[in-house]
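Data first, discussion second: the structure below is written as structure tokens.
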Amino acid sequence: MFDKFHEECGVFGVYGHPDASNLTYLGLYALQHRGQESAGIVSSDGKVLYSEKSMGLVADIFDEERIKKLPGHLAIGHNRYSTTGESTSMNIQPIRVNFALGGLAIAHNGNLVNAGILKDELEAYGSIFQSTMDSEVIIHLIAQSRMANIHDRIVDALGHVQGSYSLLLITEDELIGVRDPHGFRPLVLGELDGAYVFASETCAFDLIEATYIREIEPGEMVVINDKGLRSSFPFTRAEPSHCIFEFIYFARPDSMVFGQNVYTIRKEFGKQLAREAGVEADVVIPVPDSGLPAALGYAEESGIPFDTGLIRNHYVGRTFIEPRQSIRHFGVKIKLNPVRDALKGKRVIIVDDSIVRGTTSKKIIKMIRNAGATEIHMRISSPPTVYPCFYGIDTPTRQELIASTHSIEEIRKYITADTIGYLSLEGVQKVVQRPLNYCVACFDGEYPVPFPDEMIAQLGLFDKG
């Protein structure tokens, strides 16, 4: 319905708490923004792995009866938005299996760029896949490894994969967290009443009143069992490449991601945008909700008053019957409605975090102009998105990204704004700490992890013509 990059996935895990499954449910609830397609929880009582999962939202899937079916003091959970694999029940995570060393379950946030090649090789040696997820490749690699224990098998398996992964795994008696050497996707560690907790974002800790300890480092594997917590760095070191879009759009504003507060970064993006792309106007308004912090920063830096010019309906379901002809721009109108008194007769700066295809921006500008705005100046708190992401974000193809086929002036004409301004890549890097530690491939096409040759040919990644 909205022209945005789609969230990837969210993971959460608990070790050493009698209410592990209930806490995991609450953690997934806090991480719902990272995936609304399906959710699942796998728990262990020390002897058996239990699983409950379904399509839909967390609050619709889990109730008291289902939580009772998940006993034990350790659990992992997963919210899914499909970046790889079809949107079907067979692809719901966590994946639970039994193999030579016992029970194992895995929850994966990320994307493996060489999963297709690995799957073909595994099938050639007899593996039978039950899903279309790249995450299942990791399970088969672990099962086929000749290493003696589960820890070495995980390291061996992940040594074969390329791409992004923040993983949580449980056996009958252990919880294991692993982050890829580039650290594309976030993963944090916390503590609650003597129990350890993992999450994609710290907002999940806030809900259950857990204490944030630290990030899991890129390339780190953390094993938690009855002997305590053990950390190791078993993988070849790589340059950190944190996903910049966690700050731009994905993460909740109240979260700490990559060691920094998301709200503060987004507000600073807005301030930097005002310095780079200032324009005379009467009011600054955000595209809710993700454009709000940047719009506040823009208004504060520019001295132009901030106002709420668009109201978002937060109670829209995922499906509805669209009256195809009777109501124009229905998909946007059902989510947003203009505040006419805030817009009529005014020169308006509208701030959003990104433009993907441009279709929604065009409809929003038309809506604001119809509400009586005399000028509309579009300001985007990120650079033009020119390249797709293959590290765990569901992005359109290059041909669908408007900035890959249109100049900035052509984008302005298409969305019918009076002016348009993007935050520069240099501006983004000026705001974040350790600017060289971020993946900005969606802006500059410099992918940190190389792709198989056939993938390059198929996707036309580097065809800049």
Is a side-chain N or O of Q93 found less than 3.5 angstrom from the main chain of H108, in a donor-acceptor match? yes
Begin with the C-alpha distance, continue with both residues' side-chain angles, and end with the deciding distance and a verdict on salt bridge (Lys or Arg N to Asp or Glu O under 4.0 Å) for E201 and R252. CA-CA 8 Å; E201 296 180 35; R252 260 179 48 169; 5.6 Å; no
Using 0.5 Å steps for rounding, measure from the CZ atom of R275 to the CD atom of E301. 4.0 Å
Taking atom types as modelled, is there a side-chain donor on E220 or S232 under 3.5 Å from an acceptor on the other? no
Pair L189-V197, side chain to side chain contact (heavy atoms under 4.5 Å, CB included): steps then yes or no: CA-CA 6 Å; L189 176 69; V197 288; over 6 Å; no
Going from CD1 on I176 to CE on M221, what distance comes out if it is rounded to the nearest 0.5 angstrom? 6.5 Å
Do side-chain atoms of N109 reach the backbone of L167 as a donor and acceptor pair under 3.5 angstrom? no
Do D45 and Y50 have side-chain atoms, one donor and one acceptor, less than 3.5 Å apart? yes
Test item: S145 side-chain N/O and M147 main-chain N/O as donor-acceptor pair under 3.5 Å: yes
In terms of relative ring orientation, are F12 and F205 parallel, tilted or perpendicular, with 30° and 60° separating the classes? perpendicular
Can H182 and V449 be said to form a side chain to side chain contact (heavy atoms under 4.5 Å, CB included), step by step? CA-CA 9 Å; H182 288 280; V449 175; 3.6 Å; yes
Is the shortest heavy-atom distance from the side chain of V262 to the side chain of M256 under 4.5 Å? no
Test item: Q36 side-chain N/O and H33 main-chain N/O as donor-acceptor pair under 3.5 Å: yes
Within residues 17-29 or reaching into it, pairs that qualify as side chain to side chain donor-acceptor pair (under 3.5 Å) - sequence neighbours excluded: none
Which pair of heavy atoms, one from P218 and one from P181, lies closest together, and at what distance? CB-O, 3.2 Å
CA sep, side-chain torsions, deciding dist, call: F198, V222, side chain to side chain contact (heavy atoms under 4.5 Å, CB included): CA-CA 10 Å; F198 288 101; V222 175; 3.9 Å; yes
At their closest point, which heavy atom of F99 faces which heavy atom of I150, and how far apart are they? CZ-CD1, 3.7 Å
Taking the side chain as every heavy atom from C-beta outward, state whether Y447 and S241 have any atom pair closer than 4.5 Å. no
Is there a donor-acceptor pair closer than 3.5 Å between any side-chain N or O of Q32 and the backbone N or O of V58? yes
Between V223 and H151, which heavy-atom pair has the shortest distance, and what is it? CG1-NE2, 3.5 Å
For the aromatic rings, using the six-membered ring if either is Trp, is the centroid distance between Y15 and Y196 under 6.0 Å? no
Six-ring centre of F233, R237 cation under 6.0 angstrom, axis tolerance 45°: yes
Answer whether the closest heavy-atom distance between the side chains of V161 and L141 falls below 4.5 Å. yes
Determine yes or no for a side-chain-to-main-chain donor-acceptor pair under 3.5 angstrom, with S44 supplying the side chain and E172 the backbone. yes
Answer yes or no: is there a side-chain heavy-atom contact under 4.5 Å between N337 and N313? no
I need the minimum non-hydrogen distance between I170 and L175, along with the two atoms involved. CG2-CD1, 3.5 Å
Taking the six-membered ring for Trp, are F443 and F245 parallel (under 30°), tilted (30 to 60°) or perpendicular (over 60°)? tilted
From K335 NZ over to L310 CG, what is the distance, rounded to the nearest 0.5 angstrom? 13.0 Å
Are the side chains of I224 and R230 in contact, using a 4.5 Å heavy-atom criterion? no
Taking side chain as C-beta onward, heavy atoms only, is I402 less than 4.5 Å from R357? no
So, D353 and S381: side-chain donor and acceptor under 3.5 Å apart, yes or no? no
CA sep, side-chain torsions, deciding dist, call: K271, E300, salt bridge (Lys or Arg N to Asp or Glu O under 4.0 Å): CA-CA 7 Å; K271 290 182 179 181; E300 186 175 309; 3.0 Å; yes
Under 3.5 Å, side chain of E191 to main-chain N/O of I213, donor-acceptor pair present? no
Check this for me, if you would: do R34 and E246 make a salt bridge, where the nitrogen-to-carboxylate-oxygen distance has to be below 4.0 angstrom? yes
Would the number of heavy atoms belonging to other residues, nucleotides or ligands and lying under 6.0 Å from CD of Q429 be above 12? yes
Nearest 0.5 Å, please: how far is CD1 in I350 from OG in S361? 8.0 Å
Once rounded to the nearest 0.5 Å, what's the spacing between atom CG of N261 and atom NZ of K267? 11.0 Å
So L169 and I154, do their side chains get closer than 4.5 Å, heavy atoms only? yes
Taking side chain as C-beta onward, heavy atoms only, is M133 less than 4.5 Å from V137? no
I need the minimum non-hydrogen distance between R179 and F258, along with the two atoms involved. NH2-CE2, 3.3 Å
Do R66 and E52 meet the salt-bridge criterion of a basic N to acidic O distance under 4.0 Å? yes
Between E136 and S131, do the side chains contain an N or O donor and an N or O acceptor separated by less than 3.5 Å? yes
One should read off an interatomic distance between S200 OG and N79 CG, to the nearest 0.5 angstrom, of 8.5 Å
Measure across I138 and L112 and return the closest heavy-atom pair with its distance rounded to 0.1 Å. CG1-CD1, 3.8 Å
Can I get a per-line list of side-chain donor-acceptor pairs under 3.5 Å for residues 115-129, giving both atom names and the distance, sequence neighbours left out?
{"residue": "S127", "atom": "OG", "partner": "L122", "partner atom": "O", "Å": "3.4"}
{"residue": "S127", "atom": "OG", "partner": "H140", "partner atom": "ND1", "Å": "3.4"}
{"residue": "S127", "atom": "OG", "partner": "Q144", "partner atom": "NE2", "Å": "2.8"}

Apply the ring pair (Phe, Tyr, Trp, His ring centres under 6.0 Å) test between F247 and each candidate in F269, Y438, Y263; give the one that qualifies. Y438
Taking atom types as modelled and ignoring hydrogens, do the side chains of S166 and D180 form a donor-acceptor contact shorter than 3.5 angstrom? no
When you look at R96 and L104, which way does the side chain to side chain contact (heavy atoms under 4.5 Å, CB included) test go after all the steps? CA-CA 6 Å; R96 181 190 62 171; L104 178 67; over 6 Å; no
Check: R379 side chain, Y422 main-chain N or O, donor-acceptor pair, under 3.5 Å: no
R214, CZ: over 12 other non-hydrogen atoms inside 6.0 angstrom: yes
Under a 3.5 Å threshold, yes or no: a donor from one side chain and an acceptor from the other, between E276 and Q272? yes
